Structure formats: structure tokens, C-alpha cells
Amino acid sequence: MNSASHNKADNPSFFELVYQVVRLIPKGRVTTYGAIAAYLGSKQSSRAVGYALNGAHFIKPKVPAQRVVNRNGMLSGKAHFETPTRMQELLEKEGVIVKDETIQNFSKHFWDPAKELSL
DNA sequence: GTCATGACAAAGA
DNA sequence: TTCTTTGCCATGA
């Protein structure tokens, strides 16, 4: 009976899983696309994660996409926010220092779902 | 059904 | 060290 079902994901769509994880990110913490992808089981799908967040603005409850950056700690997705400075503003408001579109002490603010949620 | 794009990541020169 | 190239997954035309 599996031949008929190509359900790659029996569960919620990959996108929803991404939204779930992002919403679990504590305030003042940040994570990377690869970390989320890895937590979902496919660390190579980091691109899909970013693509998912592309529609996060239309998802409710609100998804703190500002807490998700690339592995370099750079706000690569800031351009997709309401304003190019919105992402940085939100992060600084939560206590994260952002300099030159890059998070300072990134390792310190880094939050790994596969580690924190696994505990 | 194939081609091209994208808020990434890792490896090679 | 920085720059370039390749790979992966999902979406849109």
C-alpha cells in the first residue's frame, strides 16, 4: 500500500515544520537555516528553509524570521522584511547586537533546535 | 515534464 | 584568507 502513496511527508508540509521550529526560538537567540534543516532531517535542504520563510510573513501566528540567519550570522533575509532595517531593529530590540548586517557574538546567541529541543 | 530561481552550505583553487 | 563552483530541496512558469 505504499506504492500508491507517494507521501514523502506524512506530516505537515516542510514549510510548516520550519515555521514551528522558528517559533520555538527563544527571545534573544538566533539560529541558522542549516540548523533548522538538519533538525528536520535534511541538512541539505537549507535552501528550502529559506524559501519557506519567504512566505512566513503570511503565516499566523507570527513567525520570528528575524531570528533566522545564514551560517555566517548575516541577515541575508533582511531585504524580505517590511523594511530592510526591520530585521535588524527587531534583533537589537531583543538584545542581539547587529553590526554591518551581521550578528555580533553569533556563536553566543546561536540556538540549535537539534540540541535544545533534543534535551 | 523540463528549466530556472532562491532568505543556504560545504568544498576547492 | 577570499572568491568561485557544486549540491540539495521546493516552487513557479
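Predicted model, so just to flag it, every value in this text is computed and none were measured. Within every chain, numbering begins at 1; the chains are lettered A, B, ... in the order of the sequence lines, protein sequences first and strands thereafter.
Separating the CG atom of A:Leu53 from the P atom of C:dA10 is a distance of 15 Å, rounded to the nearest angstrom. Rounded to an integer number of Å, the gap from A:Leu90 CG to B:dA7 C1' is 15 Å. Distance CE (A:Met74) to P (B:dG6): 17 Å, rounded to an integer number of Å. When rounded to the nearest whole Å, the span between CG of A:Asn72 and C1' of C:dC3 equals 13 Å. Remark: P of B:dA7 and OH of A:Tyr51 are 9 Å apart, rounded to the nearest angstrom. Taking atom CG of A:Leu40 as the reference point, atom P of C:dC9 lies 13 Å away to the nearest angstrom. In this structure, CZ of A:Arg86 is placed 17 Å from C1' of B:dA7, rounded to the nearest angstrom.
Hydrophobic cluster membership is shared by A:Leu53 and A:Phe15, with clusters built from Ile, Leu, Val, Met, Phe, Trp and Tyr side chains linked at under 4.5 angstrom. A:Leu91 and A:Met74 fall into different hydrophobic clusters, where Ile, Leu, Val, Met, Phe, Trp and Tyr are joined by side-chain heavy atoms under 4.5 Å apart, directly or via other members.
Of the listed nucleotides (C:dA10, B:dA7, B:dA10), C:dA10 has the atom at the smallest distance from the side chain of A:Phe14. Listed nucleotides: C:dA10, B:dA9, B:dA7. Nearest to the side chain of A:Phe15: C:dA10. With B:dA7, C:dA10, B:dA10 as the candidates, the nucleotide lying closest to the side chain of A:Ala48 is C:dA10. Distance from the side chain of A:Arg71 is smallest to B:dA9 among B:dA7, B:dA9, C:dG12.
As judged by a 4.0 angstrom heavy-atom cut-off over every strand, A:Asn70 is placed among residues touching the sugar-phosphate backbone only. Contacts of A:Ala52 with the nucleic acid, taken as non-hydrogen atoms under 4.0 Å apart, are absent. Among the protein residues, A:Ser46 comes within range of the nucleic acid bases, having at least one heavy atom under 4.0 Å from a base atom.
Closest non-hydrogen pair, A:Ala52 versus A:Tyr19, comes out as O-OH, 2.9 Å. Pairing each heavy atom of A:Ile36 with each of A:Val22, the nearest pair is CD1-CG2, 3.9 Å. In terms of heavy atoms, A:Asn70 sits closest to A:Tyr33 at N-CE1, 3.3 Å. Looking at every heavy atom in both residues, A:Ser45 comes nearest to A:Ala37 through OG-CB, 3.4 Å.
Heavy-atom distances under 4.0 Å link DNA chain B to A:Thr32, A:Tyr33, A:Gly34 of residues 21-36 of chain A, given in residue order.
Contact of the A:Val18 side chain with the A:Gln20 side chain is not registered, since no non-hydrogen atoms from C-beta on lie closer than 4.5 Å.
Stems are defined here as 3 or more consecutive Watson-Crick or G-U wobble pairs with pairing distances under 3.5 Å; those involving DNA chain B are B:2-6 with C:9-13, B:8-13 with C:2-7.
Grouped by direct or indirect side-chain proximity (heavy atoms under 4.5 Å, Ile/Leu/Val/Met/Phe/Trp/Tyr only), A:Ile97 sits alone.
Under a 3.5 Å cut-off, the side chain of A:Thr102 and the backbone N or O of A:Asp100 do form a donor-acceptor pair.
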